[in-house]
Amino acid sequence: MSAWVLPDHIADVLPSEARHIEELRRGLLDTARSYGYELVMPPLLEYLESLLTGSGEALHLQTFTLVDQLSGRTLGLRADMTQQVARIDAHLLNRDGVARLCYCGPVLHTTPDRPRATREPLQFGAEIYGHAGPEADLEALQLALACLKGAQVSDYSVDLADVRIVRSLLAGVMVDTSVLQRVHSALAAKDATGLAELTRNFPQASREGLQALLQLYGDVRVLDEAEKALARVPGAQHVIAHLKWFAAQLPSDVKVTVDLADLRGYAYYSGTRYAVYAPGASDALVRGGRYDEVGAVYGRNRPAAGFSLDIKQLVAVVPARPLKAAVRAPWGASDASLAQAIAALRAQGETVVCVLPGHESEVDEFHCDRELVLRAGQWVVQAF
């Protein structure tokens with residue numbers, strides 16, 4: 001095998017795309033900062049038990065492992081950063097009030113999490129800790145939508161769900177974990193026959209409620225149907241009212257859908273969860289919601305809500321941005337006046353590309369539209 005061949009679903013990022021990704025990264029971080037979110041930078045690897053404790057256990061199969069040559073202990077290369085940020089909130093910051101944190105960095109997956117996905121996503125996310133009310137859920141989603149708007153994503157839709165209804169329906173049902181996982185899969189696939197077979201020994205109320213969920217998807221009017229269909233399910237009316245409030249707070253031009261049988265992230269989320277879809281994306285661009293249990297394993301069970309996205313996925317569906325105009329200049333390291341003119345332009349924020357001797361006819365990556373020329377003893381910028 002050739003030495004230059006990369007592993008499957010791992011790829012180099014070439015200049016034009018890398019520039020676009022970096023512009024998006026800066027824009028996302030600036031948007032988060034405008035909402036009061038502080039940047040944290042967790043390490044790329046840490047002890048495996050820290051990465052995979054509590055809610056992180058679901059990431060076990062996605063996490064690369066290796067042995068630390070200093071301690072002999074097993075290390076993990078992070079597959080998600082949310083668990084790490086929860087550790088930072090619980091043990092390093094340890095604030096009493098609200099903490100708003102954001103992050104951006106590469107994560108590694110043992111297998112791609114969707115068709116044609118990279119195994120090295122560039123994950124951006126934001127978390128808000130310390131507030132149990134729905135305002136935190138809403139703020140996180142509003143920030144996510146502001147990030148997409150800043151990235152020039154249009155025609156997106158928000159899909160809402162809530163794990164608490166299914167948990168209420170399954171409360172007290174004594175079956176092993178493998179059966180519950182198959183029930184979750186049947187719900188997600190809208191498999192009425194499979195669900196009926198799996199739940200034939202469940203209590204009648206649980207069985208009927210789970211079957212009802214298969215039909216409860218569509219626009220926000222589904223929530224009115226859910227109020228009737230789930231009238232006897234403990235806590236369901238409160239959850240439905242919360243989802244109605246949540247949907248009503250979003251801008252009127254945002255399409256909102258509901259799927260009460262969607263259980264992606266069931267073991268991770270503790271309440272409302274959402275996904276944001278956009279044309280051209282094979283899967284959700286953003287996933288988020290409430291996950292109050294995320295910090296429990298670190299000894300600090302704080303309310304938490306937030307979202308994350310993959311910038312490499314995002315860059316594939318947003319319009320390419322035009323290059324910033326650049327200035328082409330002759331090479332002149334020994335010419336003090338030329339060097340001074342170039343330094344002055346760069347200090348003003350201009351991109352100045354110096355052409356090395358003998359390379360004047362080569363392709364210009366920055367597509368310079370101006371050049372620095374000597375005129376009457378002065379270096380001046382003129383258009384081509």
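Bear in mind the structure is a predicted one, so any value in this text is a computation, not a measurement.
Judged by distance alone, the side chain of T110 and the main-chain N or O of F64 form no donor-acceptor pair under 3.5 Å. Judged by distance alone, the side chain of Q123 and the main-chain N or O of M81 form a donor-acceptor pair under 3.5 Å. Side-chain atoms of R200 come within 3.5 Å of backbone N or O of E197 as a donor-acceptor pair. Not one N or O on the side chain of D12 forms a donor-acceptor pair closer than 3.5 Å with the backbone of L14. Although no hydrogens or angles enter the test, the distance criterion places no donor-acceptor pair under 3.5 Å between the side chain of H131 and the main chain of V98. Y103 places no side-chain N or O within donor-acceptor distance of the main-chain N or O of F124, the cut-off being under 3.5 Å.
Closest approach of A99 to D89, counting heavy atoms only: CB-OD1, 3.6 Å. The minimum heavy-atom distance between G289 and Y269, with the atom names listed, is N-CE2, 3.7 Å. The minimum heavy-atom distance linking V315 with K312 is given by the pair CG1-O, 3.2 Å. Taking all atoms of both residues into account, the shortest heavy-atom contact from R87 to S50 is CD-OG, 3.7 Å. The shortest heavy-atom contact between V258 and V220 is CG2-CA, 4.3 Å. Counting all heavy atoms, side chain and backbone alike, Q313 lies closest to D283 at NE2-O, 3.4 Å.
Contact of the L75 side chain with the T65 side chain is not registered, since no non-hydrogen atoms from C-beta on lie closer than 4.5 Å.
In the displayed structure, Q142 atom CD is contacted under 6.0 Å by more than 12 heavy atoms of other residues, nucleotides or ligands. Counting non-hydrogen atoms of neighbouring residues, nucleotides and ligands closer than 6.0 angstrom, the CZ atom of R370 exceeds 12 such neighbours. Around the CZ atom of R26, the shell of radius 6.0 Å holds no more than 12 heavy atoms that belong to other residues, nucleotides or ligands. Heavy-atom neighbours of E360 CD from other residues, nucleotides or ligands within 6.0 Å: above the threshold of 12. The environment of Q378 atom CD is sparse: at most 12 non-hydrogen atoms of other residues, nucleotides or ligands sit within 6.0 angstrom.
Ionic pairing of E23 and K324 is not present here: no N-O contact between side-chain nitrogen and carboxylate oxygen is shorter than 4.0 angstrom. Taking 4.0 Å as the cut-off between side-chain N and carboxylate O, R119 and D113 do not count as a salt-bridged pair. For R100 and E127, the salt-bridge test fails: no basic side-chain N is under 4.0 Å from an acidic carboxylate O. R290 has a carboxylate O that lies under 4.0 Å from a charged side-chain N of D292, or vice versa, which qualifies the two as a salt bridge. R221 has a carboxylate O that lies under 4.0 Å from a charged side-chain N of D219, or vice versa, which qualifies the two as a salt bridge.
A side-chain donor from one of T272 and D162 sits under 3.5 Å from a side-chain acceptor of the other. Between the side chains of E139 and Y37, at least one donor-acceptor pair of N or O atoms lies under 3.5 Å.
With Y217 as the aromatic partner, K190 meets the cation-pi criteria of under 6.0 angstrom to the ring centre and within 45 degrees of the ring axis. Under the 6.0 Å distance and 45° angle rule, R73 counts as a cation-pi partner of Y47.
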Would Q83 and Y291 count as a side chain to side chain donor-acceptor pair (under 3.5 Å) here? Give the steps.
CA-CA 11 Å; Q83 199 77 6; Y291 29 83; over 6 Å; no
Going through the checks in order, is the salt bridge (charged side-chain N to carboxylate O under 4.0 Å, His left out) test met by R95 and E38?
CA-CA 13 Å; R95 295 172 179 170; E38 301 172 278; 2.6 Å; yes
Could you check R114 against D310 for salt bridge (charged side-chain N to carboxylate O under 4.0 Å, His left out), going step by step and ending with a plain yes or no?
CA-CA 12 Å; R114 63 183 183 277; D310 174 16; 3.4 Å; yes
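Shown here are the side chain to side chain contact (heavy atoms under 4.5 Å, CB included) partners of L356, two or more places apart in sequence or in another chain: W331, H359.
Ring-plane geometry between H242 and H238 is classed as parallel, the angle between the planes falling under 30 degrees on a 0 to 90 degree scale with a further cut at 60.
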